[in-house]
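Structure, as structure tokens:
These values consider heavy atoms only, across backbone and side chains, with no hydrogens, waters or symmetry-generated copies.
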Amino acid sequence: MLPPRPLAARKGRGAVSNIQGRYEVNGRESFDDGWTHDEDGDEPAPFKTHVTDEFAKTILSRNASPDIPFNVSLNPYRGCEHGCIYCFARPTHSYLGLSPGLDFESRIFAKVNAPDLLRRELSRPSYVPESIAIGVNTDAYQPCEREFNITRRVLEVLNECEHPAALITKNSLIERDIDLLAPMAERKQAIAAITLTTLDPEISRTLEPRAAAPARRLRTIRTLTEAGIPVRVSVAPVIPFVTEPELERVLEAAREAGALSAHYVVLRLPWEVNPLFQEWLQAHFPDRARRVMNRVREMRGGKDYDSDFSLRMHGEGVWADLIRQRFEKAVKRLGMNMTSGRFAELDTSRFRRPLVVPTTAGKRSGNAAGQLDLFS
């Protein structure tokens, strides 16, 4: 049997393969059957994006992780078309029987009943308001949001109920909702975080292929700031020898655009993210792939990843400490070291329960499911 052909990058996609999920029963192995040759010059077949309606049963997720600054989150979608190769949420597609690779960024599930579910949740007598983080396991402003408007309808509910929210995104589509976010921010009920990994458009094009370009994200920071919406920059992930050399320049550019504070996360490689990232390295940076992984292991106690709550965000060892010192010195110099209490500072005292509460949120009717009526 001939050896498998080297994996090649697909235009507009982050992952270079559809790696098997850890819960799949049947294995897959590629091999060269002799029909395709390198000299043919054929690019890998494109992966089209398919968005499927999902009628969720619940919409608010709660966590007790000590290294995460929020307790409640809302994700309007499953999967993310931005295709960021480093995304820690990729392994969640394994729960759906799909690949955390190309499937994660091309097979998206839209929680079309999210606004109705949110109304029902906020109307419960037992509900106690606290800031909701929107877009954690998925980007709430990924491309399909232009069509589905789920994030906007969620914000309309929160604005109506005067409920605080925090958004994180790397897409300029958030500017569309300034008419909602600005009055919420004026009431101290909205903040935004823009992820800025690199200033290099060539790196960004392969690292996070369908997200907004770095220059466009900087303009988004400026636009939100000018509208009175507090903006924080998320320098995540810091990848040794790839984005790490730009750390100070990224912070300087974000501060110049108007960002008030910043935080960083070093590269995390949980579950299937690990082999997917290493495939990406071999496809795009074969000359430094070994150096990158050696440095990652140095920051993870000799392992590819350590999930310990005290270590997973920033790592350990000399290199991790060096990155921490560089970050702390830069944010102090730039006046961006306001890092604590940003969620607690949002005002929950004005919360009021929704006036209109749907009775069938989360249930799929026959028509919504695309089924024919028995007597039609």
Side-chain angles (χ1 to χ4, degrees), residues 4 7 9-10 12-30 44-65 67-68 73-112 114 133 135-140 142-144 150 168 170 195 207-211 236-237 239 265 267-283 293 296 300 303-309 312-313:
L7 293 170
R10 284 176 163 83
R13 296 296 180 188
V16 297
S17 76
N18 228 3
I19 190 172
Q20 181 179 345
R22 62 189 183 280
Y23 298 119
E24 291 187 48
V25 176
N26 298 318
R28 297 189 298 268
E29 184 175 343
S30 63
F47 255 68
K48 293 184 178 180
T49 300
H50 300 276
V51 183
T52 303
D53 289 359
E54 176 183 346
F55 287 78
K57 295 181 179 179
T58 60
I59 197 59
L60 295 183
S61 301
R62 289 174 170 81
N63 79 85
S65 301
D67 57 347
I68 296 179
S73 61
L74 187 156
N75 294 292
Y77 303 94
R78 294 181 193 262
C80 184
E81 196 177 353
H82 283 162
C84 306
I85 190 58
Y86 52 76
C87 183
F88 68 89
R90 281 184 177 273
T92 60
H93 250 44
S94 293
Y95 298 121
L96 305 176
L98 298 172
S99 171
L102 290 165
D103 280 350
F104 177 80
E105 54 195 90
S106 63
R107 299 185 65 176
I108 313 299
F109 296 85
K111 301 176 184 179
V112 293
V136 180
N137 274 8
T138 184
D139 198 308
Q142 62 181 287
C144 62
I150 299 174
I168 182 166
K170 57 192 68 161
T195 301
L207 190 66
E208 39 203 19
R210 298 200 177 192
I239 305 174
V265 178
L267 178 66
R268 297 169 52 193
L269 298 175
W271 298 106
E272 293 93 343
V273 180
N274 185 12
L276 286 166
F277 179 78
Q278 293 198 50
E279 288 176 354
W280 177 88
L281 269 180
Q282 290 295 338
M293 288 308 302
V296 167
R300 300 296 184 186
K303 299 180 290 185
D304 288 354
Y305 182 58
D306 188 344
S307 61
D308 187 284
F309 284 136
R312 63 176 182 170
M313 297 297 186

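A distance of 8.5 Å separates OG in Ser99 from NE2 in His93, rounded to the nearest 0.5 Å. Note that CG of Leu96 and OG of Ser94 are 8.5 Å apart. Values are rounded to the nearest 0.5 Å. To the nearest 0.5 Å, atoms CG (Leu276) and CD1 (Ile85) are separated by 5.0 Å. Atom CG in Asp306 sits 12.0 Å away from atom CG in Leu269 (nearest 0.5 Å). Taken from CG in Asn137 to SG in Cys80, the straight-line distance is 10.5 Å, to the nearest 0.5 Å. Between atom NZ of residue Lys111 and atom CD1 of residue Ile59 there is a gap of 4.5 Å, rounded to the nearest 0.5 Å.
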### Task
For the pair Val273 and Arg268, evaluate side-chain contact (heavy atoms from CB on, under 4.5 Å) and give the outcome as yes or no after the intermediate values.
CA-CA 8 Å; Val273 180; Arg268 297 169 52 193; over 6 Å; no
### Task
Take Val265 and Arg312 through the side-chain contact (heavy atoms from CB on, under 4.5 Å) test and state the conclusion after the steps.
CA-CA 9 Å; Val265 178; Arg312 63 176 182 170; over 6 Å; no
### Message
Pair Ile239, Leu207 - check side-chain contact (heavy atoms from CB on, under 4.5 Å), show working.
### Response
CA-CA 11 Å; Ile239 305 174; Leu207 190 66; 3.8 Å; yes
### Task
Quick one: do Cys84 and Lys170 satisfy side-chain contact (heavy atoms from CB on, under 4.5 Å)? Show the steps, please.
CA-CA 10 Å; Cys84 306; Lys170 57 192 68 161; 3.3 Å; yes
### Task
Go through Asp304 and Asn274 one step at a time and tell me if the side-chain hydrogen bond (donor to acceptor under 3.5 Å, both in side chains) criterion holds.
CA-CA 7 Å; Asp304 288 354; Asn274 185 12; 2.8 Å; yes
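Considering every non-hydrogen atom in both Gly14 and Pro209, the closest pair reads N-CG, 3.4 Å. When all heavy atoms are compared, the tightest approach of Ile108 to Cys144 is CG2-SG, 4.2 Å. Nearest approach of Lys48 to Arg13, heavy atoms of both residues: C-NH2, 3.7 Å. In terms of heavy atoms, Ala9 sits closest to Val16 at CA-CG1, 3.6 Å. Closest approach of Tyr77 to Ala140, counting heavy atoms only: CE1-O, 3.9 Å.
Residues Phe309 and Ile68 fail the side-chain proximity criterion, which asks for heavy atoms closer than 4.5 Å.
Of the possible donor and acceptor atoms, one in the side chain of Arg90 sits under 3.5 Å from a partner among the backbone N and O of Gly101. Of the possible donor and acceptor atoms, one in the side chain of Glu105 sits under 3.5 Å from a partner among the backbone N and O of Ala15. A donor-acceptor contact shorter than 3.5 Å links the side chain of Thr138 to the backbone of Gly79.
Checked options Gln142, Arg107, Arg210; the residue passing with Glu81 is Arg210 (criterion: side chain to side chain donor-acceptor pair (under 3.5 Å)). Of the options Thr92, Asn18, Leu98, Ile19, a side chain to side chain contact (heavy atoms under 4.5 Å, CB included) to Phe104 is made by Thr92 and by none of the others.
For the 3.5 Å distance criterion, the side chains of Tyr86 and Glu208 qualify, holding a donor opposite an acceptor.
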